[in-house]
Amino acid sequence: MIEIYSQKIDAYWFGIACDNHGIFASSFGVTQERVLTNISSYLPFNVPFQVFHEASAVAKNIIASLKSIYDGQEVSRNFPLVLTRFPAYTQKVLKATAQIPIGYLTTYGSIAKAVGGGPRAVGNIMATNPFAPIVPCHRVVKSDFGLGGYGGGLKVKIELLRKEKRGFLTPKKLEVGSNQLQVFPVEYTLRFLPCH
DNA sequence: TGCAAACCATAAC
DNA sequence: GTTATGGTTTGCA
């Protein structure tokens, strides 16, 4: 049985769907309804689930981490994401995205270069990211460092990136699989925005 | 700048 | 099987 929990912390609702294997989906947003429908849309249709009013200790803990991520803080914990139900390519893209460190971002095209496939395919996977904000799809932008899109609205994407500013100056390369993923300081995108 | 065409994995039919 | 759909990219005027 998959259990869904949601909880409001400050201005946002955070929610997760999990069982004892791990996390099936996570989400955050302004309204509880939005978060819950979003999460349930990512669940396998043939698996029963139940929405709980009170979060368990484990769930509360994970939700607290989601809030920390939203606040732009470093969260050093291993989230047990259940990825196996997704196509192999989708898994590769999600894993690569998960490796982007705070303070950096990359482009749809860079991910495509690192894991194969094309930029549009990567964009599609970002658009349906079941693990926001654990898999930081807000750290993926266009090749010209324009914002691209964001499920929760571009305002939120900007908000997150601003909080993640760490003052890094130069791009660097990450090892993903047998290839490399180029990442850039978030300032590369923020500098184009008003009042950065 | 702006536009058109190429690109590519998925999901929906 | 086929088609439609993008959170893209690149090239060219």
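Order of the sequence lines fixes the chain letters, A, B, ..., with proteins taken first and strands second; residue numbering starts at 1 for each chain.
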Take N1-N3 plus N6-O4 or O6-N4 for Watson-Crick, N1-O2 plus O6-N3 for G-U, both under 3.5 Å. Which runs of 3 or more such pairs involve DNA chain C? B:1-6 with C:8-13, B:8-13 with C:1-6
Output the rounded distance in Å from CG (L94(A)) to C1' (dT10(B)). 13 Å
Heavy-atom count check: over 12 atoms from other residues, nucleotides or ligands less than 6.0 Å from Q73(A) CD? yes
Can you name the nearest heavy-atom pair linking K173(A) to Q182(A), along with the distance? CE-NE2, 3.5 Å
How long is the line joining CE of M126(A) and P of dT10(B), in whole Å? 12 Å
Within-4.5 Å side-chain heavy-atom neighbours: L81(A) and S26(A): no
Identify the pairs formed between an N or O of the protein and an N or O of nucleotides 1-8 of chain B at a distance under 3.5 Å, and give each distance.
unit_1	atom_1	unit_2	atom_2	d
dA6(B)	N6	R120(A)	NH1	3.1

Should the pair K163(A) and Y70(A) be classed as cation-pi, given the thresholds of under 6.0 Å to the six-membered ring centre and 45° from the axis? yes
Between residues 128-158 of chain A and DNA chain B, which residues have a heavy-atom gap below 4.0 Å? none
N38(A) atom CG is separated from dG7(C) atom P, nearest whole Å, by 14 Å
Flag side-chain contact, heavy atom, 4.5 Å: I125(A) against Y89(A): yes
With a 4.5 Å limit on heavy-atom distance, are the side chains of D144(A) and F192(A) in contact? no
Any idea which heavy atoms bring L160(A) and I69(A) closest together, and the distance? CD2-O, 4.3 Å
Within the structure provided, determine whether E54(A) and K60(A) are in side-chain contact (heavy-atom separation under 4.5 Å). yes
